[in-house]
S.K.: 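Shown below is the structure under consideration.
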Amino acid sequence: MADPKKLFIKTYGCQMNVYDSERMAEALGASGYVTTERVEDADMILLNTCHIREKAAEKVYSELGRFKPLKTANPDLKIGVAGCVAQAEGEEIMRRQPLVDLVVGPQTYHRLPAMEAAVRAGARAVDTDFPEEDKFEHLPKAPRAKRAPAAFLTVQEGCDKFCAFCVVPYTRGAEVSRPVERVLREARDLVERGVREITLLGQNVNAYHGEGAGGTWGLARLIRELAKIEGLARIRFTTSHPNDMEDDLIAAHGDEPKLMPYLHLPVQSGSDRILKAMARKHTAEQYLRLIDRLRAARPDLLLSGDFIVGFPGETDQDFEDTLALVREVGYGQAYSFKYSARPGTPAAEKTPVPDDVASDRLHRLQALLSDQQRAAQEAMVGREVSVLFEKPGRMAGQMVGKSDYLHAVHVTDPCAQTGQIARVRITRSGPNSLAGELV
Ligand code: 5AD
Ligand code: SF4
């Protein structure tokens, strides 16, 4: 038999892309590819790209430029661009970078094997459709290989919210939920292959409304059903919009033991004026009261968020309002970004905040958020948490896992095994992780 062809995939952006890259690797596995970590060895390079901020999108072109010597050395090397830049720019990518053989948007990955065959035969292929069919159902089935203990499972894609800054409704399209039965089937399959923790993914995952027995199911009902799967120990979901936080989902944080006490709930800004300009459709106060309800259901809930500073029109006072909201909530973890104008979005038409002002705000916000993160980590010292061990650490005999609160935890103990969930007493807090001992 001929040697298998080698596939190198590089993934940018969100966890949905991580999931998609896994599925693309499986799909091309059926066409005779194995994945490689070494780009020099590749017969096919796929960049799974992100368009969310300008920097993310520009990285793709600089990366593509670097593949030129590889293609000179190996004329059979094929180069593909997938993901949100592919969706947003389509054929333009091939004009800007003639090295590219294939451009495939996020909704047509099931067509990748056919595109690969066409490209092997010498064609250049572009597909950025939004087809009717569910791409995940039409992907070649994965070999039933053993899986790492924590897995992603996309249940919803796209977004109908149209926040004024965001490209997602354009790159990922309208909101679509996968039917309940398909999600359950995939989850059971993951568990049979060794998975103990599933993170349900969607750009707007708490807007999930999949068809199931008796009608349309919301995310809480889906989680409660998934929780019945024996062997599945932990469930998480990301990323959510405050306005879709239905009552039963709030309740589930209190009464569904498999649902982990961690929630990523982006607010973007603490100023009502800016929230309105962003078309977020809620106020700072509504967000804060929602947090109160979540904490009433689950007092130890660790909160995470996303923030944008320097949105057009943001004044010093607006920014102070954001800092005030952050102080009031107390985040365990958060991401913050400088606003980046994205072509085709309504906010891109507005006058931007001067860059030095935006940078200064970003530094101040990040300082506050990292203080909060440190405090949240230090508060874990002396406590007992449960840890799912995911892989050996860098030091001899060390295992790394995640606590229920999603903190990375290191334990050095010969009894700690991959896939095991153990009680761990936290002994130390480092810059980005915790250390502990088995109880
Ligand atoms: N500029 C900066 N940050 C953005 N995000 C989304 N669009 C933009 C943009 N145009 C951030 C938001 C979102 C996260 C995934 O990325 O905070 O929640
Ligand atoms: Fe980036 Fe958004 Fe696409 Fe994810 S969905 S890769 S965050 S643009």
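Remember, it's 1-based here, ligands and their atoms both numbered in the order they're listed. No hydrogens, no waters, no symmetry mates; every other heavy atom, side chains included, goes into these values.
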S.K.: Y339 heavy atoms, cut-off 4.0 Å: which ligand 1 atoms fall inside?
M.R.: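 Here the atoms of ligand 1 in question are 1 (N), 2 (C).
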S.K.: Below a 4.0 angstrom heavy-atom separation, can you tell me which part of F337, side chain or backbone, both or neither, approaches ligand 1?
M.R.: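 Under 4.0 Å from ligand 1, F337 contributes side-chain atoms alone.
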S.K.: Can the positive tip of R182 be found less than 6.0 Å from the middle of the six-membered ring of F136, inside 45° of the ring normal?
M.R.: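 No cation-pi geometry.
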S.K.: Can you tell me if CZ on F130 sees more than 12 non-hydrogen neighbours from other groups inside 6.0 Å?
M.R.: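 Result for CZ/F130: enclosed.
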S.K.: Do the side-chain N and O atoms of S386 and R234 include a donor-acceptor pair separated by under 3.5 angstrom?
M.R.: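 Looking only at side-chain atoms, R234 and S386 do form a donor-acceptor pair, the distance falling under 3.5 Å.
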S.K.: Would you mind running through ligand 1 and noting each atom that sits below 4.0 Å from a heavy atom of R53?
M.R.: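 Counting atoms of ligand 1 from 1, those under 4.0 Å from R53 are 1 (N), 2 (C), 3 (N), 4 (C), 5 (N), 11 (C), 16 (O).
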S.K.: Would S340 count as a polar contact of ligand 1, with the cut-off being nitrogen or oxygen pairs under 3.5 Å?
M.R.: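 Yes, there is a polar N/O contact under 3.5 Å.
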S.K.: Kindly indicate whether a cation-pi arrangement holds for R53 with F337, taking the cut-offs as under 6.0 Å to the six-membered ring centre and within 45° of the axis.
M.R.: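 Relative to the ring axis of F337, which defines the angle, R53 lies inside both limits.
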S.K.: Which atoms of ligand 1 have any heavy atom of Q268 under 4.0 Å away?
M.R.: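 Heavy-atom distances to Q268 below 4.0 Å select 12 (C), 13 (C), 17 (O), 18 (O).
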S.K.: Heavy-atom contacts under 4.0 Å between I308 and ligand 1: side chain, backbone, both, or neither?
M.R.: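 The part of I308 near ligand 1 is the side chain, not the backbone.
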S.K.: For ligand 1, is there an N or O atom under 3.5 Å from any N or O atom of F307?
M.R.: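 It does not: no N or O of F307 is found under 3.5 Å from an N or O of ligand 1.
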S.K.: So, using side chain to side chain donor-acceptor pair (under 3.5 Å) as the criterion, who are the partners of Y208 when residues are at least two apart?
M.R.: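 By the side chain to side chain donor-acceptor pair (under 3.5 Å) rule, Y208 matches no residue at all.
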S.K.: Please collect all salt bridge (charged side-chain N to carboxylate O under 4.0 Å, His left out) contacts where either partner lies in residues 106-116, sequence neighbours excluded, each pair once.
M.R.: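 Salt bridge (charged side-chain N to carboxylate O under 4.0 Å, His left out) check on residues 106-116 returns K5-E116, R111-D127, R111-D129, R111-E133, E116-R120.
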